[in-house]
Amino acid sequence: MQLRYSFRLYPDTGQLRALAKAFGCARVVFNDAVRAREDARKAKQPFPTAGQLSRRLITEAKRTPERSWLGEVSAVVLQQSLRDAETAYRNFFASLKGTRKGARIGPPRCKSRKDARQSIRFTANARWSITRSGRLNLPKIGAVKVQWSRTLPSTPTSVTVIKDAAGRFFASFVIDTDPAADQARMPETDRTIGIDLGLTHFAVLSDGTKIDSPRFLRRAEKKLKKAQQELSRKQKGSRNRAKARLKVARAHAKVTDARREFHHQLSTKLISENQGIAVEELSVAGLARTRLAKSVHDAGWASFISMLEYKAQRYGRTLVTIGRFTPTSRTCSTCGVVDGPKPLNVRKWTCAACGVVHDRDVNAAINVKTAAGLAVTACGAQVRPGRVPAQCDEAGSHGFPSKDCVA
Ligand SMILES: [Zn+2]
């Protein structure tokens, strides 16, 4: 299984200049590829192949006065940029044909230097390395200072350098996980749990635990709100507005980071303590149209669930998702009788059949666990195979590359 590990980078002045140049060159090659494709389409000619584009837009272009500066950056960065353009077209055509899942996507567009997020990728053959003193040595850029927030479990196969909307730099390493080491880290257990993702709490567990978002996240959210209010009061086009916008971008990045950290902590804890985990399937797209929209997006349930998914796969746990139409909030978890509808403001209710008083969310969490077939039976924990993703996918935090899940 492949995972991404991201770390903050602190380039010095010279490295900043070299990185800006590399981002710029990668962008130019990408845009030249988009234009070459577009020209071929207009002239009703076949699309140039990847090999032809590489020759024309990189090798030959370097010899022309207009593009000679392409020689000042790593050739791998340029090649990878071409590949990104190819992938973008492949996804676009797959989307047209309907063979690609998800929302329709448009044709690739030219990138701008004003884009909030810039990135370049170095593959294994790009001669990048991690120096003995722990710096990231990049070809034609130099040895950049890294803030190692955790240790890499193995040698990375590639690294992407990203500049985000808040002007921060990150290195995102691709790592192949080691199944034996993972198993040693999280031995099997016979415990199982059901999770109800609530609105008053971030999550409620079938054992009665209620989990709120941590204070560091709430504080970051408060700061973001304040920054957004300040921005809205600034005059359009003013220099103060530009400053306020950067402040919002920074506050936003802090919230995203804090939320991701919280999701990582909680998902790792749940996966480590339980062999089987049950959650309700979420239709974020469906909910987003309702009044609950804001809290759904803010709570970032989908990204939390995707973390549970890849961690379950990584550590040999079972994650079961139950259908949304199971009446988890109005079924009595004690006697199984389905009671009347329970509007969102009902926090506690008494079962008419057996008289047990239920906390709405805990009762729902127990029902999630039961519906998933995870209830502990006489013979011990009963687990059934769940839905597992093929690979952890770009969950897009940071305004980050997709595959960015840090274990
Ligand atoms: Zn009952």
Side-chain angles (χ1 to χ4, degrees), residues 188-213 263 266-267 269-296 298-302 304-305 307-309 312 317-388:
E188 273 189 39
T189 145
D190 55 7
R191 287 177 47 172
T192 58
I193 204 132
I195 311 173
D196 184 61
L197 294 170
L199 287 173
T200 47
H201 297 272
F202 177 76
V204 176
L205 311 182
S206 54
D207 65 5
T209 314
K210 294 183 176 180
I211 297 155
D212 274 317
S213 47
H263 289 170
L266 183 59
S267 57
K269 184 174 179 321
L270 290 169
I271 288 287
S272 125
E273 288 171 358
N274 299 283
Q275 192 65 31
I277 293 172
V279 288
E280 236 174 331
E281 180 185 60
L282 286 171
S283 163
V284 176
L287 278 171
R289 274 190 289 275
T290 70
R291 223 157 25 88
L292 300 179
K294 198 171 178 319
S295 43
V296 169
D298 284 358
W301 290 339
F304 175 68
I305 300 286
M307 276 185 198
L308 281 177
E309 275 177 346
R317 302 318 208 206
T318 306
L319 182 76
V320 185
T321 30
I322 67 155
R324 272 185 312 132
F325 302 106
T326 314
T328 51
S329 26
R330 55 199 187 96
T331 303
C332 168
S333 59
T334 311
C335 71
V337 163
V338 180
D339 207 272
K342 304 275 172 273
L344 283 175
N345 60 338
V346 177
R347 308 312 316 163
K348 264 193 166 53
W349 57 282
T350 309
C351 173
C354 72
V356 172
V357 181
H358 291 298
D359 173 292
R360 176 206 180 88
D361 297 330
V362 175
N363 178 62
I366 296 171
N367 285 330
V368 167
K369 178 170 154 169
T370 313
L374 287 182
V376 178
T377 58
C379 57
Q382 174 201 336
V383 266
R384 65 166 213 221
R387 189 162 62 92
V388 277

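A quick note: this is a predicted structure, and the numbers were derived from the prediction, not measured. Numbering of ligands and ligand atoms starts at 1, following listing order. Values below: all heavy atoms of this structure, side chains included; hydrogens, waters and symmetry mates excluded. Along the sequence shown, residues carry numbers from 1.
Excluding waters, the count of protein N/O/S atoms less than 2.8 Å from the Zn ion (ligand 1) comes to 4.
With hydrogens and angles disregarded, no donor-acceptor distance shorter than 3.5 Å links the side chain of Asp190 to the backbone of Gln275.
Atoms CG and NE2, on Leu308 and His263 in that order, are 10.0 Å from each other to the nearest 0.5 Å. Here the straight-line distance linking atom CE of Met307 with atom CG of Leu266 works out to 10.0 Å at 0.5 Å rounding.
Considering only residues two or more places apart in sequence or on other chains, Thr328 meets the side chain to side chain donor-acceptor pair (under 3.5 Å) condition with Glu280.
In this structure, Phe304 and Phe202 have perpendicular ring planes: the angle between them is above 60°, well past the 30° mark.
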Passes side chain to side chain donor-acceptor pair (under 3.5 Å), Ser333 versus Asn367? Steps please. CA-CA 6 Å; Ser333 59; Asn367 285 330; 4.8 Å; no
